[in-house]
Amino acid sequence: MGAKKRKSMNVPESKVEISGFGARNYDLLLKFGSFGRYSRMLETAIAHIGIRPDDAILDLGCGTGHNDCLMAKYLSDAGKIVGLEIGEEMIEQFKRKCAGRFNVSLMRQRIEEALPFENEFDKAFISFVFHGFPDSEREKIARNVFKALKPGGEFFILDFNEFDIHAQTWWFRIVFLKGECPLAHQYITVEWKKRLLGWGFDHFGDHFYFKKRIRLLKAVKAG
Ligand SMILES: C[S@@+](CC[C@H](N)C(=O)[O-])C[C@H]1O[C@@H](n2cnc3c(N)ncnc32)[C@H](O)[C@@H]1O
């Protein structure tokens, strides 16, 4: 999901590190750019996660905290959400949106670097972040998630589905090919369940949105 990019991951084709106007207005741009459909899709996808009141949830690349506020509605005081984020403009918004929610916290942390968590979370969530990394970094992120989850913990990836871009409508082809980075173009060609199986996950499940162009993929930490 586009906007001005930073260069700090040293991957010039990535657009996942966003800053400036696009970052400061991230939620509004997606909401009004999609005539409200994106916000409704997020609410539906988060309902599909099946959050339990006492869940501990790790949100990787949590952005403005919009999704964390939605997830927090399902939690009791015994549950918690930890968001990981590096974008300054995003962090500022997260602090405002999540102020007063004592069980929602934020760490300034690159998600591809070693995380200080082991067998700690019931669920991990990554929304429109995974596609923006090269394959080698995606593997580091997935392995970080595996380590951070409790055995039987669930990893939810909300992102582009696997699809044939040439089978899509002309307008979607233009928006996707011009607006999204080459990493996203490659992401949709990967068989993600096979890849995740190789990293120790199984018991997959999925929900689809926007004519199957977007998927909430569930993968369970085996063991
Ligand atoms: C497209 S936004 C998605 C934000 C949020 N997950 C959502 O669905 O609204 C991508 C987010 O990932 C963050 N991000 C990018 N690279 C990151 C990294 N290496 N570590 C942590 N966060 C990162 C960006 O700052 C940005 O907030």
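No hydrogens, no waters, no symmetry mates; every other heavy atom, side chains included, goes into these values. Both counts, for ligands and for their atoms, begin at 1 and track the order of listing.
- Under 4.0 Å is where a charged nitrogen must lie from a carboxylate oxygen, and between R24 and E92 no such pair does.
- No heavy atom of E137 sits closer than 4.0 Å to any atom of ligand 1.
- A cation-pi geometry, defined here as NZ or CZ lying under 6.0 Å from the six-membered ring centre and within 45° of its normal, holds between R195 and W192.
- No side-chain heavy atom of L149 sits under 4.5 Å from any side-chain heavy atom of N119.
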* Would you check, one step at a time, whether the test ring-ring contact (aromatic ring centres under 6.0 Å, His included) holds for F210 with Y38? => CA-CA 9 Å; F210 285 121; Y38 186 77; 7.1 Å; no
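- Where the criterion is an N or O separation shorter than 3.5 Å, residue side chain and backbone included, S127 meets it with respect to ligand 1.
- Looking only at side-chain heavy atoms (C-beta outward), R213 and F163 come within less than 4.5 Å of each other.
- Residue F133 touches ligand 1 through its side chain alone, judged by heavy-atom distances below 4.0 Å.
- Heavy-atom contacts of M90 reach the following atoms of ligand 1: 27 (O) (cutoff under 4.0 Å).
- Counting heavy atoms only, G61 comes closest to atom 4 (C) of ligand 1 of the residues G61, S19, A23, G83.
- The closest non-hydrogen atom to atom 20 (N) of ligand 1, taken over V16, I111, L158, comes from I111.
- At a threshold of 4.5 Å between non-hydrogen side-chain atoms, the residues F94 and E85 do not count as touching.
- Ligand 1 lies out of reach of H66, whose nearest heavy atom is not under 4.0 Å from it.
- A donor-acceptor pair under 3.5 Å is formed between the side chain of K15 and the backbone N or O of G179.
- Closest heavy-atom approach to atom 17 (C) of ligand 1 among the candidates D59, I126, I86: I86.
- Under 4.0 angstrom from ligand 1, the non-hydrogen atoms of C62 all belong to its backbone.
- Here K193 pairs with D206 in a salt bridge; the nearest charged N to carboxylate O distance falls below 4.0 Å.
- Not one N or O of L60 is nearer than 3.5 Å to an N or O of ligand 1, by distance alone.
- Residue Q109 has at least one heavy-atom neighbour below 4.0 Å for each of these atoms of ligand 1: 20 (N), 21 (C).
- Both the sub-6.0 Å distance and the 45° axial angle are satisfied by K221 relative to the ring of F146.
- At least one N or O atom of N67 sits closer than 3.5 Å to an N or O atom of ligand 1.
- Each of the following atoms of ligand 1 lies closer than 4.0 Å to a heavy atom of G87: 25 (O).
- With a 4.0 Å heavy-atom cut-off, ligand 1 is reached by no atom of D27.
- The ligand atoms of ligand 1 that sit less than 4.0 angstrom from a heavy atom of G63 are 4 (C), 27 (O).
- Among E85, E89, R110, the residue whose heavy atom sits closest to atom 25 (O) of ligand 1 is E85.
- Between the side chain of Q93 and the backbone N or O of E89 there is at least one donor-acceptor pair closer than 3.5 Å.
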